[in-house]
Amino acid sequence: MATLFSLAAVLLLVIITIQETHSQDSSWAKRDDSGKEVVTNLQFYFHDILSGKNPSAIPVVQPPRNTTSSITGFGSLTMVDDQLTVGPESTSKEVGRARGLYGSAGQTDFGLIMVMSYVFTDGIYDGSSFSLLSINQAANPVREMAIVGGTGLFRLARGYAIAQTYSMDFSTGDAVVGYNVTITTYI
């Protein structure tokens with residue numbers, strides 16, 4: 001009986017030790033369940049300038065010349081560092097930069113794959129950014145794109161951006177696009 005009792009005591013001690021070790025091992029992972037969902041709405045203008053002495057968008061890959069790619073530009077790739085402003089004029093107050101790239105991803109329609117970070121440099125969002133990864137059906141008057149992450153106040157961001165072309169110069173490719181963005185984060 002004493003042996004059974006000793007065995008049970010040792011077994012209990014082992015179980016307690018394992019539980020303590022397990023709780024210590026998981027101390028690196030903490031969960032804060034007190035988080036509150038925060039929805040942020042932003043409105044700004046994106047200036048994509050391909051012309052002039054200091055363009056903000058530069059084509060880096062052009063597709064080979066053939067019938068399919070010449071219609072939609074399929075395969076082209078453009079690197080950007082575009083100004084984000086409060087109003088549609090380029091002289092309007094700058095609030096950030098859109099940095100990344102877009103490429104023509106449609107063989108039969110004009111769909112741009114957008115891989116961008118929208119980095120803010122003004123106000124409470126200074127130093128924060130959100131990331132967009134989505135198809136931009138640029139020929140449509142209004143289009144919706146996915147927000148997939150962010151930094152700073154936009155950490156763990158998810159949401160969507162509604163884009164609408166404000167102006168387009170077909171001879172230069174320069175465009176101003178209005179953005180209405182809805183971002184959900186947690187505090």
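- Listed here is the closest heavy atom pair of P88 and V176: O-CG1, 3.7 Å.
- The closest side-chain donor-acceptor pair between S56 and R99, if any, does not fall under 3.5 angstrom.
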* Can D109 and Q137 be said to form a side-chain contact (heavy atoms from CB on, under 4.5 Å), step by step? -> CA-CA 8 Å; D109 64 330; Q137 296 293 342; 3.0 Å; yes

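- Taking the side chain as every heavy atom from C-beta outward, E37 and T184 approach each other to under 4.5 Å.
- Summarising the geometry, atom CG belonging to L153 is positioned 8.0 Å from atom OG1 belonging to T40; distances are rounded to the nearest 0.5 Å.
- Put simply, V60 and L112 are part of two different groups of oily side chains (I, L, V, M, F, W, Y) that touch within less than 4.5 Å, one to the next.
- Of all non-hydrogen atoms in I183 and A157, the two that sit nearest each other are CG2-CB, 3.6 Å.
- Under the 3.5 Å distance criterion, the side-chain polar atoms of D169 are matched with a main-chain donor or acceptor of S171.
- At least one side-chain heavy atom of T165 sits under 4.5 Å from a side-chain heavy atom of R143.
- Judged purely by atom type and a 3.5 angstrom limit, T72 uses its side chain to pair as donor or acceptor with the backbone of G106.
- Salt-bridge check for K93 with D122: passed, with a basic side-chain N closer than 4.0 Å to an acidic carboxylate O.
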Only pairs under 3.5 Å count here: list side-chain donor-acceptor contacts from residues 46-53, not counting sequence neighbours, and write none if there are none.
residue, atom, partner, partner atom, Å
H47, NE2, T85, OG1, 2.7
D48, OD2, Y102, OH, 2.6
S51, OG, D174, OD1, 3.2
S51, OG, D174, OD2, 2.5

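- Between A163 and V177, the closest heavy-atom pair is CB-CG1, 3.8 Å.
- Heavy atoms from other residues, nucleotides or ligands lying under 6.0 Å from CG of L156 number 12 at most.
- Each ring pair (Phe, Tyr, Trp, His ring centres under 6.0 Å) pair with one or both residues in residues 157-178, not counting sequence neighbours, appears once here: Y45-Y166.
- Of all the heavy atoms in P63 and G73, the pair that sits closest is CG-O, 3.9 Å.
- In the hydrophobic clustering of this structure, V95 groups with I124; members are Ile, Leu, Val, Met, Phe, Trp, Tyr whose side-chain heavy atoms approach within less than 4.5 Å, directly or through other members.
- Atom CZ of residue R155 and atom OG of residue S129 lie 10.5 Å apart, to the nearest 0.5 angstrom.
- Taken from OG in S134 to CE in M114, the straight-line distance is 9.0 Å, to the nearest 0.5 Å.
- Side-chain contact check for S104 and S76: no donor-acceptor pair (N or O, by modelled atom type) lies under 3.5 Å.
- Under the 4.5 Å side-chain heavy-atom criterion for Ile, Leu, Val, Met, Phe, Trp and Tyr, M168 and F110 are members of distinct hydrophobic clusters.
- In this structure, Y179 and Y118 have side chains that are in contact, with non-hydrogen atoms separated by less than 4.5 Å.
- Taken from CG in L132 to CD1 in I147, the straight-line distance is 6.0 Å, to the nearest 0.5 Å.
- Side-chain contact of N41 with T182: a donor-acceptor pair under 3.5 Å is present, judged by distance alone.
- Between P59 and Q62, the closest heavy-atom pair is CB-NE2, 3.1 Å.
- Note: M116 CE to F130 CZ = 10.5 Å, rounded to the nearest 0.5 Å.
- Atom-to-atom distance recorded for F120:CZ and L42:CG is 5.0 Å, nearest 0.5 angstrom.
- Nearest heavy-atom pair across V181 and A161 is CG2-CB, 3.9 Å.
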